[in-house]
Amino acid sequence: MTTSKKDLRDYLQDHLLVGDGAMATQLHALGAPVGVSFEELCLSNPRVVHEVHASYYQAGARLLETNTFSANRDALSRYGLEHKVARINRLAVAIAREAAQDDAYVAGSIGSILAGRVKKKVLDEYRDQYEEQAIALLHAGADALILETFLDLEELLLAIEVIRPLTDVPVIAQLATLEVGRTRDGYSLTDAFPQLKKAGADIIGLNCRLGPAEILRSFEGTIFPDDSLLSAFPNAGRLGMTDGEYAFKSSPEYFAESALRLRDQGVRLIGGCCGTTPAHVKAMADALASQQPKARVNPPVALVERPHISVQSTHEREKPSIVERVKTGTTIIVEFDPPRDLDAEQFLDGCCELHKAGADAITLADNSLATVRMSNMALGALMKNRHGIDPLLHIACRDRNLIGQQSHLMGLHALGIDQILVITGDPSRFGDLPGASSVFDVTSFDLIRMVKQLNEGVSFSGRPLKQKAQFIVGAAFNPNVRNMAAAVARLEKKVEAGADYIMTQPVYDVESIRQVHEATKHIGIPVFIGIMPLTSSRNAEFLHNEVPGIKLSAEALERMKKVQGPAARQEGIAIAKELLDTAVRYFNGIYLITPFNYYEMAAELIAYVRQQSALVKTAQP
């Protein structure tokens with residue numbers, strides 16, 4: 001197949017065009033180690049990059065993508081190369097141009113900056129990076145720009161918005177999907193592609209993540225805008241382990257058959273992504289050599305998946321949530337740590353006592369201080385189903401990857417447990433199993449957003465769900481900091497992410513309670529002020545000097561030094577009651593943390609809160 005080097009858009013009106021295959025796969029096969037910047041090889045080893053381009057050209061590819069997929073400032077900064085963005089992109093075009101000779105197109109490759117990471121709410125910070133990379137590629141003379149492997153429609157639209165005004169050269173816009181037919185941010189392809197075309201994309205399609213069969217299914221189930229020019233660059237099937245090595249399964253022969261099927265769907269630009277080799281490209285080029293393009297025929301509307309309308313959750317709350325309660329009166333959350341052994345009965349007895357005392361919800365930490373405890377999910381289910389107690393579960397970012405997090409949340413939904421507190425979690429190396437891995441796939445901000453996405457009936461991967469979750473999501477706030485303004489700014493981001501209420505770390509002086517009130521009264525969601533009674537002088541010193549996020553007043557430390565034994569616990573309760581006298585005047589939400597599972601202390605404070613809040617209401621005009 002040859003081209004006359006017409007404008008790519010004009011050429012595709014009546015021709016098929018074979019694209020190249022995977023760059024990283026071939027560079028690795030030629031000796032480039034995993035973990036380096038493949039894009040940097042344009043500077044340090046241009047010969048090997050040229051060799052890959054030439055192998056694809058010789059196999060029959062007549063569109064070569066530059067070795068610049070991750071040549072943006074964000075990605076290059078991981079290797080200390082952020083100051084070489086322009087140079088790498090310009091050299092990459094020159095290397096590809098030399099291999100392309102006179103009859104192949106050179107497309108400047110621009111990949112997603114998110115690159116599979118959790119989607120941020122605000123992507124505007126990427127504007128300058130897209131512009132910087134695109135200008136370098138265009139200045140070097142790329143025939144087209146190919147925006148590829150974008151999991152989120154919104155990021156791809158932003159890239160087009162930035163790049164389209166810079167040039168008249170063709171822009172190829174390719175989404176990558178984790179699920180057949182839908183983007184990670186929840187758009188069906190039928191809805192996504194018209195937006196890409198309207199934004200200024202000349203050629204629209206799919207690449208990466210999925211192999212030929214699932215890419216084909218995506219095209220078969222999508223309605224494309226009229227007169228669309230379509231592209232497809234599937235992976236060589238799924239990645240798996242064969243003979244002790246990771247490899248992609250699809251053979252060149254299978255790829256050739258798939259190319260013909262894609263051509264039947266109206267696709268005119270066909271190449272390969274991860275795992276594809278010159279052998280795959282040669283097989284496609286040979287299969288398509290005698291073929292003419294076919295007009296796109298969309299499927300009947302009735303067979304196309306339209307935007308999903310989730311039904312309401314089948315779980316209806318038996319009583320008002322803590323957020324509903326706190327808006328009308330004093331509401332008490334009590335933290336009670338799960339046991340560190342296999343006996344749950346004593347813990348459940350304590351929960352029952354706290355419930356009888358008047359706790360509105362009992363909150364269970366998620367392996368606090370990275371110390372192994374019984375699953376709060378299992379205990380929450382026992383509390384709810386056996387004793388009718390409302391559980392509020394902490395969910396840490398530390399212990400579960402994204403797969404485990406969504407599975408965990410789906411399980412909570414099935415159990416009817418919908419009140420949660422999202423926290424970062426203490427690093428594993430400081431816990432009782434220091435060799436354990438800390439996952440931290442996401443931040444607490446990210447996880448709050450993703451839980452709210454489940455509430456919209458959309459999974460983390462963008463797959464529509466048959467039900468909407470009903471999670472009420474809390475966020476943590478540490479007021480025991482030097483820079484309160486910075487802490488509040490961080491809190492505001494959690495509210496922006498979707499937090500429904502706030503729970504603070506414990507405070508130990510009256511002035512701090514007033515400061516928290518002043519600092520947070522503008523945020524618009526309920527705040528539960530944290531109070532934890534002290535049990536001894538050593539307990540006070542430990543909390544003050546060794547536990548992150550807790551700072552005691554000098555007065556509290558001094559008072560605890562003067563007492564020992566049972567008297568120390570009584571002094572701790574007395575200090576807590578004095579703090580609660582102030583807290584109930586400023587906050588409807590009270591968060592009591594039970595020390596060392598001394599639930600009797602918490603029960604006494606619950607009764608005191610009820611008494612004091614009633615007095616405050618009586619005193620109000």
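For clarity, every value in this text was computed on a predicted model and none was experimentally measured. What's counted below: heavy atoms across the whole structure, side chains too, no hydrogens, waters or symmetry copies.
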Give the C-alpha distance, both sets of side-chain angles, the deciding distance and a yes or no for salt bridge (Lys or Arg N to Asp or Glu O under 4.0 Å) between Glu578 and Arg559. CA-CA 13 Å; Glu578 292 166 15; Arg559 287 174 64 175; 2.7 Å; yes
Without swapping roles, check the side chain of Asp185 against the backbone of Leu153 for a donor-acceptor pair under 3.5 Å. yes
Just by distance, no angles: are the side chains of Glu155 and Tyr130 close enough, under 3.5 Å, to form a donor-acceptor pair? yes
Is there side-chain contact between Leu76 and Gln133, with heavy atoms separated by less than 4.5 Å? no
Roughly how far apart are Leu354 CG and Ile389 CD1, rounded to 0.5 Å? 8.0 Å
To the closest 0.5 Å, what do you measure between CG (Leu147) and CG (Leu175)? 10.0 Å
Side-chain heavy atoms of Phe477 within contact of Met503, under 4.5 Å: no
So Arg610 and Asp360, salt bridge (Lys or Arg N to Asp or Glu O under 4.0 Å) or not? Walk me through it. CA-CA 11 Å; Arg610 295 296 182 204; Asp360 292 290; 2.8 Å; yes
Taking C-beta and beyond as the side chain, do Asp337 and Thr594 meet within less than 4.5 Å on heavy atoms? no
If the condition is side-chain contact (heavy atoms from CB on, under 4.5 Å), which residues does Lys327 pass it with, not counting sequence neighbours? Val323
Below 4.5 Å, heavy atoms only, C-beta onward: do Arg182 and Tyr187 meet side chain to side chain? no
Counting distance only, does the side-chain N/O of Thr331 pair as donor-acceptor with the main-chain N or O of Gly329 below 3.5 Å? yes
For the backbone of Pro506 and the side chain of Tyr591, can you confirm whether one donor and one acceptor N or O come within less than 3.5 Å of each other? no
Which value, rounded to the nearest 0.5 Å, describes the distance between Leu409 atom CG and Phe460 atom CZ? 5.0 Å
For Ile223, does its backbone N or O pair with a side-chain atom of Thr190 as donor and acceptor, under 3.5 Å? yes
Would you say the side chain of Gln612 lies within less than 4.5 Å of the side chain of Asp581, judging by non-hydrogen atoms? yes
Ser437 side chain vs Val439 backbone, donor-acceptor pair below 3.5 Å: no
What residues, two or more places apart in sequence or in another chain, satisfy side-chain contact (heavy atoms from CB on, under 4.5 Å) together with Leu557? Ala540, His544, Leu552
Would you check, one step at a time, whether the test salt bridge (Lys or Arg N to Asp or Glu O under 4.0 Å) holds for Lys452 with Glu456? CA-CA 7 Å; Lys452 287 302 185 130; Glu456 296 171 1; over 6 Å; no
Among Asn376, Thr363, Asp366, which residue satisfies the side chain to side chain donor-acceptor pair (under 3.5 Å) criterion with His394? Thr363
Where does the angle between the aromatic ring planes of Tyr586 and His517 fall among parallel (under 30°), tilted (30 to 60°) and perpendicular (over 60°)? tilted
